Every structure is written in C-alpha cells, then in structure tokens.
Colleague: 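Structure provided below as structure tokens; questions to follow.
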Amino acid sequence: VGSTRRTAVAALLRETEIQTRGYSMPTLHHKDHTAVGCQASVATKYMETDDIVDLDWENLGFGLVDTDFMYMAKCGPDGNFSNGEILPFGPIALSPSAGVLNYGQGLFEGLKAYRKTDGYILLFRPEENAVRMKNGSDRMCMPAPSVEQFVDAVKQTVLANKRWVPPTGKGSLYIRPLLIGSGAILGLAPAPEYTFLIYVSPVGNYFKEGLAPINLIIEDNFHRAAPGGTGGVKTIGNYASVLKAQRTAKEKGYSDVLYLDAVHNKYLEEVSSCNIFVVKGNAISTPAIEGTILPGITRKSIIEVAESKGYKVNVGHQELIGSTI
C-alpha cells in the first residue's frame with residue numbers, strides 16, 4: 001500500500017522555509033479582539049523561543065504533547081476575522097450550545113514543520129492547507145481566514161513553540177489548525193461566531209511501523225463517505241464515523257481500514273486518515289477526486305513528483321478485483 005503519510009517524501013517536495021532569527025518578541029497577554037476587513041489580518045511580529053525541550057526523541061510516537069502556546073482569532077456575524085494572537089496553550093471556553101458541539105460545524109487541517117541543521121525550520125506547502133480550509137468552509141457554511149492570514153498564523157505558532165520542534169531526523173512538529181462554530185445556536189443554522197485556532201505537538205511516525213509496509217483490512221460493510229456528502233472536505237464529522245471500523249481492524253491486528261466506494265462497493269477510495277496509491281512497475285494509480293475523497297496535499301505532491309520522474313500516473317476508478325495492493 002502506498003500511504004501518503006510517508007514522511008520520507010517530504011524531503012523530495014517543495015518546502016517553505018521560515019527563518020528563525022531576527023523577529024521581535026511580542027508581549028503575551030489577553031486582549032480584546034478587533035475586527036478588520038477583507039477576512040484577513042497579518043501579524044508583523046513573531047515570537048520565538050530558543051532551547052530544545054528535553055524529550056525522549058528516539059521513542060516519540062504520534063500522540064499529543066502539550067506545548068507552550070497556541071494561536072486564536074475570532075470572527076463575528078460580519079464575516080471578518082480579528083487580529084489573531086498567540087496565547088498560552090490550554091482549555092478554551094465554549095457555550096454548551098456552540099454550533100460545533102451541537103451540529104458538528106467545524107473543519108481542521110494537519111501539516112508539519114521540520115527542523116534543519118542550519119537553524120531553519122521547514123513548512124510543507126502550508127498555502128495548500130489554507131486553500132483546502134477555504135474550500136471546506138464554503139461547504140460547511142463558515143467564513144475562513146485568508147490564505148495569507150492562515151500561513152502567517154501557522155508561522156507565528158511554530159516560532160512560538162520552536163523549542164518543541166524535534167531535532168533533525170527525530171520527528172516533526174505536527175500543526176493542527178481548527179475552524180469551529182464557537183457561537184451559541186439552538187436551531188439548526190450556521191453559528192453566529194467562529195474561532196480559528198492553531199495548536200502544535202511534536203510527533204514521530206503516524207503508524208507504528210514507521211516507513212515499513214502497513215497492513216490494511218478492506219471494509220465492505222461500513223463506508224467513509226457517499227456522493228453528495230462531505231467526504232471531500234476535512235470536516236470533523238468525517239472522522240468520528242470511521243472509529244468503529246478502525247477499532248475493529250486494530251483488534252484484528254491491522255494498522256487501519258481501506259474503504260470502498262458507497263455506490264458499487266468495489267472501487268478503492270481511501271484509508272481512514274490518508275489517500276492511497278497502487279504501484280505496479282512504472283505505473284502509479286490513485287482514485288480520482290470526485291467529492292468523496294479528500295484532496296490530499298501529499299497526494300497532489302506525489303503525483304507531481306512521480307510525473308516529473310517519468311512514472312505513468314493513472315487517476316481514476318481503482319477496482320478492487322484483480323488489483324495487487
């Protein structure tokens with residue numbers, strides 16, 4: 001199985017560098033949110049920390065490690081996001097009637113930062129995550145930060161938590177942007193307020209096998225998504241629905257679940273948390289993006305790199321029968 005969660009691919013693909021020197025350090029304190037126009041506000045100052053945290057980097061798994069700071073910005077009924085700010089990492093206040101809690105109005109993204117040996121930190125195509133969040137927000141009737149504000153917020157959060165970026169080759173800093181309907185709402189309707197959050201955690205490989213092959217079980221009873229649904233956007237509800245099948249698979253010794261399409265129940269779609277590729281000789285095949293599959297950023301990058309290296313890339317329906325996975 002070709003999983004798009006392969007960290008090694010990152011070294012081959014286009015990256016954005018963040019210089020970690022020369023930024024002013026803002027004062028950390030709570031302040032009132034001020035609305036600005038054009039759904040965007042960009043900070044002019046970054047905060048950075050110096051030393052590296054003393055962790056067991058050799059045995060770092062994919063689990064939450066509380067770090068120092070998080071980013072937060074608010075958006076009211078006018079659709080304009082406030083000037084975001086870096087705050088100490090910790091719990092946030094939500095009304096029991098928040099839209100995200102009652103109706104699942106929320107999106108998230110996931111990307112990584114890597115430490116280099118020359119004092120720089122690399123981000124992997126953060127603008128692509130920003131675009132995907134904007135596309136998902138339209139489907140979920142939510143305002144979204146601009147690409148510029150999204151990328152700037154990611155940089156601020158990474159630099160504020162620089163000491164949590166693992167040493168070179170020991171892992172990465174996982175970055176989790178969240179866009180949630182935080183406003184109180186009783187009837188079924190879009191929330192009156194939205195919160196854009198980013199937190200981070202140092203991580204190792206997502207699968208315990210690391211870069212070794214993983215074992216997947218093909219699921220023909222449960223389906224991850226259906227035509228006309230939200231399978232093509234990174235909304236939070238897509239992930240709770242796979243937990244039962246995933247738990248059953250892991251109890252049987254498998255790493256994860258490979259889902260089939262909900263109409264014919266024979267075409268490959270994706271794994272619980274990543275896209276899939278089928279490799280045969282010089283040909284690489286992957287399911288097409290038709291509304292039920294998440295448009296993965298690593299998927300897009302692998303296709304670009306493979307084509308540039310002379311591989312034949314087939315994008316379309318991948319039937320289970322007769323396939324060697």
Side-chain angles (χ1 to χ4, degrees), residues 32-41 70-84 87 90-110 129-147 149-150 153 176-199 219 221-247 257 259-263 265 269-270 272-273 289-296:
D32 294 334
H33 297 285
T34 304
V36 295
C38 301
Q39 290 188 299
S41 59
M70 62 184 183
Y71 175 94
M72 181 182 292
K74 296 280 188 178
C75 178
D78 61 357
N80 296 320
F81 277 87
S82 67
N83 290 304
L87 301 171
I92 61 172
L94 278 180
S95 167
S97 58
V100 67
L101 298 180
N102 290 263
Y103 302 116
Q105 195 183 24
L107 297 162
F108 74 89
E109 280 297 326
N129 294 88
V131 170
R132 188 167 66 180
M133 176 169 277
K134 286 183 68 69
N135 292 337
S137 69
D138 180 68
R139 176 66 176 85
M140 302 301 290
C141 291
M142 307 169 70
S146 67
V147 172
Q149 183 178 12
F150 181 103
R176 172 58 60 86
L178 284 165
L179 181 61
I180 61 173
S182 51
I185 190 81
L186 183 60
L188 180 58
E193 178 193 80
Y194 296 89
T195 299
F196 176 46
L197 287 164
I198 303 177
Y199 68 90
E219 177 59 61
N221 185 28
F222 296 107
H223 293 283
R224 178 190 168 275
T230 58
V233 299
K234 206 168 178 66
T235 182
I236 59 178
N238 289 347
Y239 295 85
S241 63
V242 306
L243 295 178
K244 183 176 178 62
Q246 186 184 62
R247 182 177 64 182
V257 178
Y259 290 92
L260 303 178
D261 74 289
V263 176
N265 207 38
E269 291 231 312
E270 63 180 351
S272 302
S273 56
I289 302 297
E290 297 178 340
T292 59
I293 298 173
L294 189 71

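Worth knowing before you read on, the calculation uses all heavy atoms, side chains too, and leaves out hydrogens, waters and symmetry mates. In this text, all values refer to a predicted model and were calculated from it rather than measured experimentally.
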Colleague: If I compare all heavy atoms of Phe150 with all of Pro177, which pair ends up nearest, and what's the gap?
Modeller: CZ-CG, 3.7 Å
Colleague: Side chain to side chain contact (heavy atoms under 4.5 Å, CB included) with Leu260: which residues, sequence neighbours excluded?
Modeller: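 Leu260 satisfies side chain to side chain contact (heavy atoms under 4.5 Å, CB included) with Ile218, Asp220, Asn265, Leu268, Leu320 only.
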Colleague: Would you confirm whether Arg224, through its side chain, and Gly231, through its main-chain N or O, come within 3.5 Å as a donor-acceptor pair?
Modeller: yes
Colleague: Between atom CG of Leu179 and atom CE of Met133, what is the distance when rounded to the nearest 0.5 Å?
Modeller: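 CE of Met133 is found 5.0 Å from CG of Leu179.
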Colleague: For Phe108, enumerate each residue passing the ring pair (Phe, Tyr, Trp, His ring centres under 6.0 Å) test, keeping only those at least two apart in sequence or located in another chain.
Modeller: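 Ring pair (Phe, Tyr, Trp, His ring centres under 6.0 Å) list for Phe108, sorted by chain: Tyr239.
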Colleague: Excluding sequence neighbours, so at least two apart, what forms salt bridge (Lys or Arg N to Asp or Glu O under 4.0 Å) with Glu219?
Modeller: none
Colleague: Among all residues two or more places apart in sequence or in another chain, which pass the side-chain hydrogen bond (donor to acceptor under 3.5 Å, both in side chains) test with Gln105?
Modeller: Tyr194
Colleague: Holding to ring pair (Phe, Tyr, Trp, His ring centres under 6.0 Å), I want the full list of residues that pass it with Tyr259, two or more places apart in sequence or in another chain.
Modeller: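 Tyr259: no ring pair (Phe, Tyr, Trp, His ring centres under 6.0 Å) contacts found.
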Colleague: If I take atom CG from residue Leu101 and atom CG from residue Leu94, how far apart are they, to the nearest 0.5 angstrom?
Modeller: 5.5 Å
Colleague: State whether the number of non-hydrogen atoms from other residues, nucleotides or ligands found under 6.0 Å of Leu243 atom CG is greater than 12.
Modeller: yes
Colleague: What pairs with Glu269 under salt bridge (Lys or Arg N to Asp or Glu O under 4.0 Å), at least two apart in sequence or on another chain?
Modeller: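 Expected list: none.
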Colleague: Restricting to pairs with a member in residues 180-192, which pass salt bridge (charged side-chain N to carboxylate O under 4.0 Å, His left out), not counting sequence neighbours?
Modeller: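 Non-adjacent pairs meeting salt bridge (charged side-chain N to carboxylate O under 4.0 Å, His left out): zero.
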Colleague: List the atom of Ala245, the atom of Val257, and the distance in Å for their closest heavy-atom pair.
Modeller: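 In this case the closest contact between Ala245 and Val257 is O-CG2, 3.4 Å.
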Colleague: Calculate, to the nearest 0.5 Å, the distance between atoms OG and CE belonging to Ser82 and Met72 respectively.
Modeller: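 Here the rounded value is 9.5 Å.
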Colleague: Please round to the nearest 0.5 Å and tell me the distance separating atom CD of Gln149 and atom CZ of Phe196.
Modeller: 6.5 Å
Colleague: Please report the closest heavy-atom contact between Pro227 and Thr292, naming both atoms and the distance.
Modeller: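 What the structure gives for the nearest pair is N-CG2, 3.6 Å.
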Colleague: Which salt bridge (charged side-chain N to carboxylate O under 4.0 Å, His left out) pairs, counting each pair once, include a residue from residues 177-197, with sequence neighbours left out?
Modeller: Lys74-Glu193
Colleague: Holding to side chain to side chain contact (heavy atoms under 4.5 Å, CB included), I want the full list of residues that pass it with Ser97, two or more places apart in sequence or in another chain.
Modeller: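 Once residues adjacent in sequence are excluded, the partners of Ser97 under the side chain to side chain contact (heavy atoms under 4.5 Å, CB included) criterion are Ser95, Asn102, Ala184.
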Colleague: Sequence neighbours left out, what passes ring pair (Phe, Tyr, Trp, His ring centres under 6.0 Å) with Phe222? Give chain and number order.
Modeller: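 Partners of Phe222 under the ring pair (Phe, Tyr, Trp, His ring centres under 6.0 Å) test: none.
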Colleague: Which pair of heavy atoms, one from Pro143 and one from Ser137, lies closest together, and at what distance?
Modeller: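 In terms of heavy atoms, the two residues are closest at O-CB, 4.2 Å.
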Colleague: Within a strict 4.5 Å, meaning less than it, do heavy atoms of the Glu109 and Lys234 side chains meet?
Modeller: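 They are in contact (side-chain heavy atoms under 4.5 Å apart), so the answer is yes.
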Colleague: Determine whether a donor-acceptor pair (N or O, by modelled atom type, separation under 3.5 Å) exists between the side chain of Asn238 and the backbone of Val233.
Modeller: yes
Colleague: Sequence neighbours excluded, which residues qualify as side chain to side chain contact (heavy atoms under 4.5 Å, CB included) partners of Pro295?
Modeller: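 Pro295 satisfies side chain to side chain contact (heavy atoms under 4.5 Å, CB included) with Arg132, Ile289 once adjacent residues are dropped.
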Colleague: Could you pull out all residues at least two apart from Tyr199 that satisfy side chain to side chain contact (heavy atoms under 4.5 Å, CB included)?
Modeller: Leu64, Met70, Phe89, Arg176, Leu178
Colleague: Give the minimum heavy-atom separation between Phe81 and Pro145, together with the two atoms involved.
Modeller: CE1-N, 3.5 Å
Colleague: Could you tell me which non-hydrogen atom of Leu294 sits nearest to which non-hydrogen atom of Glu270, and how far apart they are?
Modeller: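 Looking at all heavy atoms of both residues, the closest pair is N-OE2, 3.5 Å.
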Colleague: Give a yes or no answer on whether the side chain of Thr235 reaches the backbone of Leu107 with a donor-acceptor pair at less than 3.5 Å.
Modeller: no
Colleague: Would you say Val100 and Thr195 make side-chain contact, with heavy atoms under 4.5 Å?
Modeller: no
